Amino acid sequence: MSVASSQQYTNRPSAKRDLEPALITAAEPSRAEQHEARKRRYLLTMAFRGVSLVLAAAFYQTIWLMVIFAFFGTVLPWIAVVMANDRPPKKKLDVNRYVVPRPDRILESGNGSSRVIESRVIDV
């Protein structure tokens with residue numbers, strides 16, 4: 001019987017995981033959505049930078065305000081680029097690891113005190 005190519009199993013260890021559907025709540029946003037969110041964050045940061053430069057020019061007589069706004073105007077481009085190039089953190093995957101069973105869950109050794117079902121061969 002022939003199996004469709006989309007249903008064939010591969011030798012990759014993650015083949016089983018690829019065949020399982022992704023839960024909507026566990027799915028990552030698409031790359032396009034991530035890119036749009038990063039562009040919006042960049043534009044917002046650069047708009048704040050522009051406002052801070054205008055405010056630095058407006059408050060040239062109050063030195064301490066001018067320095068604060070000028071500082072934001074010079075540092076924010078670097079922060080905006082770093083934030084725009086950053087992607088959301090990857091999800092932590094739960095790895096199945098061998099866990100030593102608790103002492104109350106370990107099978108007892110066959111010292112004769114436990115019941116054993118005997119096997120019999122019946123001739124027909």
Side-chain angles (χ1 to χ4, degrees):
M1 178 178 184
S2 172
V3 178
S5 64
S6 64
Q7 296 176 351
Q8 289 178 345
Y9 292 96
T10 61
N11 291 333
R12 294 180 303 142
S14 64
K16 181 182 177 209
R17 202 172 350 127
D18 291 344
L19 295 176
E20 294 177 1
L23 295 175
I24 293 176
T25 57
E28 286 186 3
S30 69
R31 288 189 180 202
E33 290 173 354
Q34 291 177 10
H35 187 250
E36 288 299 319
R38 290 195 315 258
K39 283 196 305 189
R40 279 192 305 271
R41 192 172 13 180
Y42 177 80
L43 289 174
L44 237 138
T45 309
M46 292 306 285
F48 185 70
R49 178 210 183 215
V51 169
S52 65
L53 285 177
V54 169
L55 288 173
F59 288 104
Y60 72 93
Q61 292 178 344
T62 311
I63 300 296
W64 64 275
L65 275 177
M66 181 188 69
V67 169
I68 290 173
F69 288 128
F71 174 77
F72 283 126
T74 55
V75 172
L76 281 178
W78 176 78
I79 293 172
V81 169
V82 169
M83 285 179 12
N85 288 331
D86 190 22
R87 66 176 296 267
K90 291 185 178 182
K91 295 179 182 175
K92 181 181 178 186
L93 297 176
D94 293 331
V95 179
N96 292 332
R97 300 198 187 278
Y98 175 74
V99 179
V100 178
R102 298 186 323 242
D104 61 332
R105 303 289 294 172
I106 296 176
L107 294 175
E108 296 176 6
S109 62
N111 57 7
S113 64
S114 61
R115 288 182 14 183
V116 176
I117 300 175
E118 297 178 13
S119 62
R120 293 184 222 160
V121 178
I122 300 174
D123 292 331
V124 180

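The figures here come from the full heavy-atom set of this structure, side chains too, leaving out hydrogens, waters and symmetry mates. What you see is a predicted model, and the numbers here were worked out from it, not measured in a lab.
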Got [X] and [Y] here, is their nearest side-chain heavy-atom distance under 4.5 Å?
X: L43; Y: M46; value: no
X: Y42; Y: V81; value: yes
X: L53; Y: F69; value: no

Checklist entry - Of all heavy-atom pairs between Y60 and I63, which one has the smallest distance, and what is that distance? => result O-CD1, 3.9 Å

Checklist entry - Does T62 use its side chain to pair, donor to acceptor, with the backbone of F59 at less than 3.5 Å? => result no

Item to check | Expected output: side-chain R49 to main-chain L76 donor-acceptor under 3.5 Å | outcome: no

Mind checking whether [X] and [Y] sit in one hydrophobic cluster, side chains of I, L, V, M, F, W, Y counted as touching below 4.5 Å?
X: V82; Y: I79; answer: yes
X: L44; Y: L55; answer: no
X: I68; Y: W78; answer: yes
X: V54; Y: V51; answer: no

Item to check | Candidates R40, Q34, E33 - the one meeting side chain to side chain contact (heavy atoms under 4.5 Å, CB included) with E36 | outcome: R40

Item to check | Atom pair CG (N85) and CZ (R38), whose distance is rounded to the nearest 0.5 Å | outcome: 7.5 Å

